[in-house]
2 protein chains.
Amino acid sequence: MFSIGQLSKDSGVKVPTIRYYESIGLLPEPGRNTGNQRRYDGAARDRLRFIHHARALGFAVDDIRALIKMSDHPERPCMALDQIARDQLAKTRTRIARLQALEAELARIVANCEGEVVGNCSVLAALGDHSQCAGPHGPTALSLSDQGLA
Amino acid sequence: MFSIGQLSKDSGVKVPTIRYYESIGLLPEPGRNTGNQRRYDGAARDRLRFIHHARALGFAVDDIRALIKMSDHPERPCMALDQIARDQLAKTRTRIARLQALEAELARIVANCEGEVVGNCSVLAALGDHSQCAGPHGPTALSLSDQGLA
DNA sequence: TATAATCCCTCTAGTGACTAGAGCATCAAG
DNA sequence: CTTGATGCTCTAGTCACTAGAGGGATTATA
């Protein structure tokens, strides 16, 4: 049995984040010692590592909740589980593609700058005039929230 | 002079978002008609388009604020302005690189699945055991907020 | 045993960039 | 003059944390 600080070091998850995970039901409530401090066991550490790894791979908390729920039924087929992972892979690829389009556009904008004054700066001009864009970020092609920015 | 709804259509920015931009000082407060409704002119539309385009390229609101401020001094050198754009390009490239590392890891995890039951699912195993990872998302290599997830 | 440093507790509020909804006022068309 | 769309303000919610206040508990050292 160990303290929340020890668990934090073992797992790489910050102390407030561990408490946050408990508050949203990702981690079960642990036991307490006589001084009301949380005391964890190896199972808690394993689950927290699982959560941390999944978050590091970009899974949403809701996905992780679903993964944990499924892991409680080891006899069932794992199709739904794999599907969550495949969806995450697809989301990641979509994000990469969109960011690459932005990268190309930004590179074009930056390349045109000739280091003069603001008044005739090509960067400002490019930002102000959407029609100069060759890339795929037309008014409807990209939603901001899909860029991983929101 | 046109209404906020018309401005929204012209710019591709939703009505509540326009009001939000005004509330945080990105857009100047427009005039009102006798019924207290906002009335915009072409300059407002141009500025909103500028903001929209910059957001679509991933610039943070604070960056956009800085860009707008600089555009008020057309006689100054545009170095600082270009630097913001170059920083954005660098950020975008960093995000792409990190997402590509995640993509590789996810692809590896998903590829190992043989479609059986949850109990021996390789996806769960891979998520639970960080040490299986070949990629660069070690415990300290990636912070979650740097993935564009936060 | 006393004390100091470190750790832990709960609770509230803040982050970024919006989005949703309540409850009401105004406008444009027929 | 009515009706439906549009507009107004204000509050609260989103996501996944993070920061801070104001205290209590534990542990290491003197």
Side-chain angles (χ1 to χ4, degrees), chain A residues 1-27 29-40 44 48 51-66 68 88 91 95 142-150, chain B residues 1-27 29-40 44 48 51-66 68 88 91 95 142-150:
Chain A
M1 301 293 270
F2 33 90
S3 70
I4 197 169
Q6 195 55 51
L7 180 64
S8 172
K9 275 174 203 153
D10 286 0
S11 64
V13 179
K14 288 177 195 160
V15 167
T17 305
I18 295 173
R19 288 197 277 250
Y20 168 72
Y21 286 158
E22 181 186 326
S23 79
I24 62 170
L26 265 194
L27 273 179
E29 292 185 22
R32 304 278 180 136
N33 71 359
T34 55
N36 196 35
Q37 300 193 348
R38 292 169 178 82
R39 287 295 174 262
Y40 296 92
L48 184 54
I51 294 167
H52 185 49
H53 194 190
R55 283 293 299 128
L57 286 166
F59 288 88
V61 163
D62 273 356
D63 290 338
I64 297 171
R65 222 190 295 274
I68 288 172
Q88 185 57 36
K91 270 185 214 161
R95 271 211 274 254
L142 274 178
S143 86
L144 296 171
S145 61
D146 285 340
Q147 294 173 42
L149 301 164
Chain B
M1 301 293 271
F2 33 91
S3 70
I4 196 169
Q6 195 56 50
L7 180 64
S8 173
K9 274 172 204 155
D10 286 1
S11 64
V13 179
K14 288 177 196 159
V15 168
T17 305
I18 295 172
R19 286 197 278 248
Y20 168 72
Y21 286 159
E22 181 185 325
S23 79
I24 62 171
L26 265 195
L27 272 180
E29 293 185 21
R32 305 278 179 135
N33 70 359
T34 54
N36 196 35
Q37 300 193 348
R38 291 167 178 83
R39 287 298 175 261
Y40 296 93
L48 183 55
I51 294 167
H52 185 50
H53 193 191
R55 284 292 300 129
L57 286 166
F59 288 88
V61 163
D62 274 357
D63 290 336
I64 298 171
R65 222 189 293 274
I68 288 172
Q88 185 57 36
K91 272 185 212 160
R95 271 211 275 255
L142 273 178
S143 85
L144 296 172
S145 62
D146 284 340
Q147 294 173 42
L149 302 165

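Letters A, B, ... are given to chains in the order of the sequence lines, protein chains preceding strands, and every chain is numbered from 1. Not measured: the values here are computed from a predicted model.
The distance from atom OH of Y40(A) to atom C1' of dC8(C) is 11 Å, rounded to the nearest whole Å. Atom P of nucleotide dC17(D) and atom CD1 of I51(A) are separated by 10 Å, given to the nearest angstrom. Following rounding to the nearest Å, I64(A) (CD1) and dC15(D) (C1') show an atom-to-atom distance of 12 Å. To the nearest angstrom, C1' of dT9(D) lies 12 Å from CD of E22(B). When rounded to the nearest whole Å, the span between CZ of R32(A) and P of dG24(D) equals 16 Å. The CZ-C1' distance, from F2(A) to dT26(D), rounds to 18 Å in whole Å. Rounded to whole angstrom, the span from the CD1 atom of I18(B) across to the P atom of dC8(D) amounts to 10 Å. As rounded to whole Å, 13 Å separates atom C1' of dC17(D) from atom NE2 of H52(A).
With distances taken from any side-chain atom of I4(A) to the nucleotides dA16(D), dC8(C), dA17(C), the minimum falls on dC8(C). For K9(B), counting side-chain heavy atoms from C-beta on, the closest listed nucleotide (dT6(D), dA17(C), dT10(C)) is dT6(D). Distance from the side chain of T17(A) is smallest for dC17(D) among the nucleotides dC18(C), dC17(D), dT10(C).
Closest approach of R19(A) and I4(A) over heavy atoms only: CG-CD1, 3.5 Å. Across all their heavy atoms, N33(B) and R39(B) have their closest contact at ND2-NH2, 3.1 Å. Closest heavy-atom contact between S11(B) and L48(B): OG-CD2, 3.2 Å.
Using a 4.0 Å heavy-atom cutoff across all strands shown, I24(B) reaches no nucleic acid atom at all. Contacts of R38(A) with the nucleic acid, taken as non-hydrogen atoms under 4.0 Å apart, involve only primed sugar atoms and P, OP1 or OP2.
For the atom pair CG of L7(B) and CD1 of I18(B), the computed distance is 4.0 Å after rounding to the nearest 0.5 Å. Atom OG1 of T17(A) is separated from atom CD1 of I51(A) by 11.5 Å, given to the nearest 0.5 angstrom.
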Query - Contact letters for nucleotides 20-30 of chain C, in which S counts primed atoms plus P, OP1 and OP2 and B counts the base, heavy atoms under 4.0 Å - result: ------SS---
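Here Y21(A) does not reach the OP1 or OP2 of dA16(D): none of its side-chain N or O atoms lies under 4.0 Å away. Distances shown here put a side-chain N or O of S3(A) below 4.0 Å from the OP1 or OP2 atom of dC8(C). Phosphate contact (OP1/OP2 of dC17(D), side-chain N/O of R19(A), threshold under 4.0 Å): absent. Within the 4.0 Å cut-off from OP1 or OP2 of dC18(C), at least one side-chain nitrogen or oxygen of R55(B) is found.
Formation of a donor-acceptor pair under 3.5 Å by the S8(B) side chain with backbone atoms of V13(B) is found in this model. Without hydrogens or angle criteria, Q88(A) side chain to G58(A) main chain gives a donor-acceptor distance under 3.5 Å.
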